[in-house]
**Student:** 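Before I ask anything, here is the structure I am working with.
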Protein chains: 2
Amino acid sequence: MNSSRPVTIKDIARRFRCSPSTVSRALNDHPAINEDTRKNIQEYAREVGYQRNEVSLSLLNKKTASLGVVVPTISNYYETAVIEGLHTVLQPMGYTLNICVTNENYLLEKEYLSKLLSNRTEGIFLSVSQETYDSGYYEHLENVIQRKTPLIFIDREYEDFETSRATVDDYHGAFAAVEHLISIGYKKIAHLKGPNGLTVSEQRFKGYVDCLKKYDMPVQEELIINTNFKVESAIVPTKRLLDMASPPDAIFGANDQVAIGAMRVVKDRGLRIPQDMGLVGFDNSPISAYTFPSLTTVSRPGRKIGMEASRLFLNQVNGSGDFVHENIVLPSELIIRESSLRI
Amino acid sequence: MNSSRPVTIKDIARRFRCSPSTVSRALNDHPAINEDTRKNIQEYAREVGYQRNEVSLSLLNKKTASLGVVVPTISNYYETAVIEGLHTVLQPMGYTLNICVTNENYLLEKEYLSKLLSNRTEGIFLSVSQETYDSGYYEHLENVIQRKTPLIFIDREYEDFETSRATVDDYHGAFAAVEHLISIGYKKIAHLKGPNGLTVSEQRFKGYVDCLKKYDMPVQEELIINTNFKVESAIVPTKRLLDMASPPDAIFGANDQVAIGAMRVVKDRGLRIPQDMGLVGFDNSPISAYTFPSLTTVSRPGRKIGMEASRLFLNQVNGSGDFVHENIVLPSELIIRESSLRI
DNA sequence: ATAATGAATGCAAACGTTTGAAAAAATTTA
DNA sequence: TAAATTTTTTCAAACGTTTGCATTCATTAT
């Protein structure tokens, strides 16, 4: 009663004066077990709250049914949507997700990967941290590759690694967003860029630049300012844009958060959106539809990414040895709302 | 080279024609091992990418260093803040967090708890799902208690369970919010309530009701409408409020999301905030400071809750047997911003 | 009664690691 | 050179479970 040691098969065996094998078979409904024995043992097991020790089974079968999800953050809508997608597919298959948050920190990422391998995780979904990306380190991944643990990149990738990958087409999403602003008639479009070095930031930035070029519009250094993807980080940059001698008439934010930050500053200055200033975000976060005015944005199918990534993993696990890595790129979709609809 | 079986201590022992014990001791810097042997073995181990199998160690030591975090959702700011708090304290201590999302589903919650126990998780942080709460089921918890696995409730609780618990003082937060609206001079205050049955919803609701009563203001059924805590769910209810013969002049939203939904509807109707309509939310989510007007709200220290919950867990683990359960209630704080500052 | 069958159970090894105690090997001391 | 000491290594058991094979026991057929 006061001993909290979990009851084991051996305990039950002692109680019934039989061998552990018999108990194991009884609990697993093995046919070669006497009906009465089976019933008695099962009943007793239920009574004393027996729960099979999965750790020992993992050791025996070399299967842990657990997967690692290593992400830089979980405080954005998109990341949680991805996790939800992974969950939707993998949970019903008996997998447990081990979510590790690196806070964009290389050392933590490294430690997590090592720990996951030590715990014999059967697969790893990785969105590399910014620090890792910046530094160009990749030794911590070699171990994963060497061990042939399936590794699926989410969003961020190393070009020179042979792995599967699921990504949103940030480039074309950004391109479409800027093209839309141009089509409406905005002439001078600024960009609140995401953190340097991240694939998502750079791809969106590239979409922005290429679109301007396509329409023979100048790409002006002073119209491109960095943020860290958080609301606050858009405040100062936006003020700087508005303080310019000839300020932009539209802003393309690298995500909804910074667009919303910009929206606030613009309105504070008494400018009207979209008449005086056009505004586009990225993510299609739930709140973007309910700002005032509602925010034109680019949808990013996080849930789908999670589900696709799961599929890639399952392919790799179930497939034969000569498995070919896939690179899934899901389209992003421009969602036109009030913040850019100047008539 | 092509065999992906992880290299074990036995493999290394074979290679050096020594016993596994020697290898184990060499890798762990045991003093009774010859310096040369140690160096050779360590070098070779590094070369072949040896990583200790933690599963076998878990079995041996009956320690898994993994903790379960069972929450209904991770798509809100608050929940992720809590997880971050847990993380901050527990990660450096070597614990791995196993995050399980129940989607407010009883069966899933039950399955997760059972799985966590089977995996010999050393502690569980639980915010029970709404379904569980509604149904009043608790058998799935008995197992946890019986096994003496430390169980820390976060926010939601069962009154009749002897466990530790960390919570925000929703009641007084809500009370303060409504009192603030009254002090400003708002006369008819509506409430966009959270899902019925949840402690957080009910406590905030109770704070609202009690505050009205304190100031001899009537509690009117038709001014209290349910939402599901999401932005969209505030739209129809707010419209219904505004369509009333004599509509309210202030709205207290059960969280920031619904307050922001309400804000949108109110502005669509051409009403001014805070002049024609006062508005208060709950959570102090990052975006609430940057809406236009910025949203008066009640801060909810999610990070702190996570850290406190960690502390409760550690107390229970390190403490002596005659451990007394603690019930931490952190204060929430009214953050006054523009949406309620009618002068 | 005995051999042959079938049903029910037990034995032992395996998964990978650690660890106290014993053994072996090397070194020092007398 | 033998004994004593120290250093280094090995043995064996343990963690909890499963499973092929061997064993026991009861039943049936001869």
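Values in this document were obtained by computation on a predicted structure and should not be read as measured data. Residue numbers begin at 1 in each chain, while the letters A, B, ... track the order of the sequences.
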**Student:** Respond yes when some side-chain nitrogen or oxygen of N28(A) is under 4.0 Å from OP1 or OP2 of dT18(D), and no when none is.
**Tutor:** yes
**Student:** Checking all strands, does F16(B) fall into the base, sugar-phosphate, or nothing category for heavy-atom contacts under 4.0 angstrom?
**Tutor:** nothing
**Student:** Are R147(B) and T149(B) linked by a side-chain donor-acceptor pair shorter than 3.5 Å?
**Tutor:** no
**Student:** Would you kindly check whether a donor in the side chain of T8(A) faces an acceptor in the base of dC15(D), or vice versa, at under 3.5 angstrom?
**Tutor:** no
**Student:** Name the nucleic acid region contacted by N61(A), choosing base, sugar-phosphate or nothing; use a 4.0 angstrom heavy-atom cut-off, strictly under.
**Tutor:** nothing
**Student:** Are any of T37(B)'s side-chain N or O atoms less than 4.0 Å away from OP1 or OP2 of dT8(D)?
**Tutor:** no
**Student:** If you only use heavy atoms from C-beta on, which nucleotide in dT18(D), dG16(D), dT17(C) is closest to the side chain of N53(A)?
**Tutor:** dG16(D)
**Student:** When you check the gap from the basic side-chain N to the acidic O, do E35(B) and R38(B) get nearer than 4.0 Å?
**Tutor:** yes
**Student:** Among the candidates dG16(C), dT18(C), dA14(C), find the nucleotide nearest to the side-chain atoms of L60(A).
**Tutor:** dA14(C)
**Student:** Base, sugar-phosphate alone, or nothing: which one does K62(B) contact when heavy atoms must sit under 4.0 Å apart?
**Tutor:** sugar-phosphate
**Student:** E35(B) CD to dA26(C) C1': how many Å, rounded?
**Tutor:** 17 Å
**Student:** S58(B) near the nucleic acid: base, sugar-phosphate alone, or nothing, with a heavy-atom cut-off under 4.0 Å?
**Tutor:** nothing
**Student:** Between C1' on dT17(D) and NE2 on H30(A), what's the gap in Å once rounded to a whole number?
**Tutor:** 14 Å
**Student:** Report the residue (R120(B) or I33(B)) whose heavy-atom-nearest nucleotide on DNA chain D is the more 5′ of the two.
**Tutor:** I33(B)
**Student:** Are F153(A) and F125(A), when compared by the centres of their aromatic rings, separated by less than 6.0 Å?
**Tutor:** no
**Student:** Can you tell me the distance, in whole Å, between the CD1 atom of I9(B) and the P atom of dT19(C)?
**Tutor:** 11 Å
**Student:** Quick one: on DNA chain C, does E54(B) or C18(A) contact a more 5' nucleotide (nearest heavy atom)?
**Tutor:** C18(A)
**Student:** Considering only dT17(D), dT18(D), dT9(D), which nucleotide approaches the side chain of S24(A) most closely?
**Tutor:** dT18(D)
**Student:** Under 3.5 Å, is there an N or O donor on one side and an acceptor on the other linking the side chain of R25(B) and the base of dG20(C)?
**Tutor:** yes
**Student:** How long is the line joining CZ of R17(A) and P of dG10(C), in whole Å?
**Tutor:** 12 Å
**Student:** Report the distance from atom CD of Q51(A) to atom C1' of dT17(D), rounded to the nearest whole Å.
**Tutor:** 15 Å
**Student:** When we call it a touch if two heavy atoms are under 4.0 Å apart, what does L57(B) touch: a base, just sugar-phosphate, or nothing?
**Tutor:** sugar-phosphate
**Student:** Parallel, tilted or perpendicular: which fits the ring planes of Y112(B) and H87(A), with parallel below 30° and perpendicular above 60°?
**Tutor:** tilted
**Student:** Classify the angle between the aromatic ring planes of Y137(A) and Y106(A) as parallel (below 30°), tilted (30 to 60°) or perpendicular (above 60°).
**Tutor:** tilted
**Student:** Whole Å only: how far is the CG atom of N34(B) from the P atom of dA25(C)?
**Tutor:** 15 Å
**Student:** Can you check whether I33(B)'s main-chain N or O pairs, donor with acceptor, with T37(B)'s side chain at less than 3.5 Å?
**Tutor:** no
**Student:** With nearest nucleotide decided by heavy atoms, which residue, S19(B) or L59(B), maps closer to the 5′ end of DNA chain D?
**Tutor:** S19(B)
**Student:** Please state how far atom CD1 in I41(B) lies from atom C1' in dT8(D), giving the value in whole angstrom units.
**Tutor:** 12 Å
**Student:** Taking only side-chain N and O atoms of Y50(A), does any of them lie within less than 4.0 angstrom of OP1 or OP2 on dG16(D)?
**Tutor:** no
**Student:** Under 4.0 Å between a side-chain N/O of S21(A) and OP1 or OP2 of dC11(C), yes or no?
**Tutor:** no
**Student:** Would you tell me if any nitrogen or oxygen in the side chain of K10(B) comes within less than 4.0 Å of OP1 or OP2 on dC15(C)?
**Tutor:** yes
**Student:** Could you state the CG-P distance from D36(A) to dA7(C), rounded to the nearest angstrom?
**Tutor:** 16 Å
